[in-house]
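Written out below as structure tokens is the structure these notes cover.
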Amino acid sequence: MGGQVSKQVQRRKVLSTEKKLLTSLQHNSGNEFPGSDYRPPDRKNWMQGLDPQRLHINQIVWPGTHDSATNKIGIPCISRPFAQCQKLSIYHQLVRGTRVLDIRVQEDRRVCHGILKTYTVDVVINDIKKFLGETQSEIIILEIRTEFGHQDPPEFDKYLVDQLGEFLIHQDDGVFEKPVSELLPKRVICVWKPRNSPPPKAKDPLWSSGYLKDNWIDTDLPSTKFDSNLKHLSEQQVVLKRRFFYRVENTVTPQADNPVLCVKPVTRRIHGYARLFIAQCCSNGCADRLQIFSTDFIDEDFVDACVGFTHARVEGKA
């Protein structure tokens, strides 16, 4: 018992130190970067606002959500706080400006986060279709994977093609260099990551797992995650040469050996440092590698930061 208490005291000290590190960095370095003062006049149509003929796929800093479809997961006030990473529905995330979705499924096509489950993936698909029906030039990256410890839904690739076929941008390395206007009316890059089923092949309607990569570290320490994100991003090719999407996640996650297990108070430790991260990418010479930037509980300021830097790229200022 004494050893456990001592361990928790040490963890609290480490956490306090890490919080101070990020606060100090923000105070000394600031949050300014090219496009940091830009605010999209219409977040629902921000790609349209940046001109689809000028906006190339490899110029976009894509605002994404982590564990996107967890707004109604588990039991309210009981299990939900341990797994909920977003409060908005998929539709309202897209309206707010989200353009990358992270969806986890189990064998019966229900969305899940670990052992907790929520609505079926049909809810996700219908929300996407609703948003696509209300917009004309917004491209979405939809990542769907079988959650760890679960089995693939039977014939799930066929289901996705049946549901989204008219919108699907087929797997093709040439997509990265194209302006948004050349992909329309196709609107969805769907990355399907099964655990045991055959992966999508070249030229298929769906994209294989190798087209969406990251270097996830599972930690609740904000400075550790921030520094890891910077390190791994700096090791990537520049976006203009890359033929896959690379994601950085502005999140920290609860750990089993820590008494704070609810997502929101833990992820708050890093949530407010998204603009600092982009500014540090610029300071450290790796801003030309930033591509997908995801977060828990996405808000307007996070979207504005990503769109602002995208705008600076389009204008040749970044």
Side chains of [X] and [Y], donor plus acceptor under 3.5 Å:
X      : Y      : result
Arg242 : Gln236 : no
Thr224 : Glu18  : yes
Thr135 : Arg187 : yes
His27  : Ser24  : no

Between Arg145 and Glu143, is the salt bridge (charged side-chain N to carboxylate O under 4.0 Å, His left out) condition met? List the steps. CA-CA 7 Å; Arg145 68 178 106 167; Glu143 177 197 30; 3.4 Å; yes
Under the side-chain hydrogen bond (donor to acceptor under 3.5 Å, both in side chains) criterion, do Thr65 and Gln93 qualify, and how do the steps go? CA-CA 8 Å; Thr65 50; Gln93 288 176 45; 2.8 Å; yes
Side chains of [X] and [Y]: does their closest heavy-atom pair fall under 4.5 Å?
X      : Y      : answer
Arg289 : Leu240 : no
Trp207 : Val175 : yes
Asp304 : Arg275 : yes
Met47  : Gln136 : no
Leu212 : Lys193 : yes

Taking [X] for its side chain and [Y] for its backbone only, find out whether a donor-acceptor pair lies under 3.5 Å.
X      : Y      : answer
Asn284 : Cys286 : no
Gln86  : Thr295 : yes
Arg80  : Ile75  : no
His66  : Ser294 : no
Thr70  : Cys85  : yes

Is it true that atom [atom1] of [X] has more than 12 heavy atoms of other residues, nucleotides or ligands lying nearer than 6.0 Å?
X      : atom1 : result
Lys72  : NZ    : no
Glu182 : CD    : yes
Ile115 : CD1   : no
Arg12  : CZ    : no

Look at Glu155 together with Arg109 and state whether they make a salt bridge at an N to O cut-off of under 4.0 Å.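 Salt bridge absent between Glu155 and Arg109.
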Lys/Arg-Asp/Glu bridge criterion (N-O < 4.0 Å) met for Asp220, Arg11: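 Judged by the 4.0 Å cut-off on N to carboxylate O distance, Asp220 and Arg11 do form a salt bridge.
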Verdict with supporting geometry, Thr146 and Asp152, side-chain hydrogen bond (donor to acceptor under 3.5 Å, both in side chains): CA-CA 6 Å; Thr146 303; Asp152 299 327; 2.6 Å; yes
Rounded distance [0.5 Å steps], [atom1] in [X] versus [atom2] in [Y]:
X      : Y      : atom1 : atom2 : answer
Tyr38  : His311 : OH    : NE2   : 5.0 Å
Gln84  : Ser79  : CD    : OG    : 10.5 Å
Arg247 : Ile141 : CZ    : CD1   : 9.5 Å
Phe297 : Thr251 : CZ    : OG1   : 11.5 Å
Asn71  : Ile90  : CG    : CD1   : 7.0 Å
Arg269 : Thr219 : CZ    : OG1   : 9.0 Å

Step by step, would you call Val124 with Val111 a side chain to side chain contact (heavy atoms under 4.5 Å, CB included)? CA-CA 9 Å; Val124 174; Val111 177; 4.2 Å; yes
Option among Leu25, Asn31, Leu22 that satisfies the side chain to side chain contact (heavy atoms under 4.5 Å, CB included) test with Tyr273: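 Only match with Tyr273 under side chain to side chain contact (heavy atoms under 4.5 Å, CB included): Leu22.
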Test of understanding: clusters of I, L, V, M, F, W, Y form through side-chain heavy atoms closer than 4.5 Å, transitively. Do [X] and [Y] belong to the same one?
X      : Y      : answer
Tyr119 : Leu142 : yes
Val248 : Leu230 : yes
Val100 : Ile60  : yes

Using side-chain hydrogen bond (donor to acceptor under 3.5 Å, both in side chains), reason through Asp102 and Ser68 one step at a time and then give a plain yes or no. CA-CA 5 Å; Asp102 161 24; Ser68 304; 5.4 Å; no
Sequence neighbours left out, what passes side-chain hydrogen bond (donor to acceptor under 3.5 Å, both in side chains) with Gln48? Give chain and number order.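 Residues passing side-chain hydrogen bond (donor to acceptor under 3.5 Å, both in side chains) with Gln48: Ser137.
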Where Asn250 and Ile270 come nearest, the two heavy atoms and their spacing: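 Closest heavy-atom pair between Asn250 and Ile270: ND2-O, 3.3 Å.
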Can we call the ring centroids of Phe277 and Phe293 under 6.0 Å apart?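 Distance test on ring centres: under 6.0 Å, yes.
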Let's go through Tyr91 and Asn126 carefully: what are the C-alpha distance in whole Å and the side-chain angles of both, what is the deciding distance for side-chain hydrogen bond (donor to acceptor under 3.5 Å, both in side chains) to 0.1 Å, and is it a yes or a no? CA-CA 9 Å; Tyr91 171 75; Asn126 289 337; over 6 Å; no
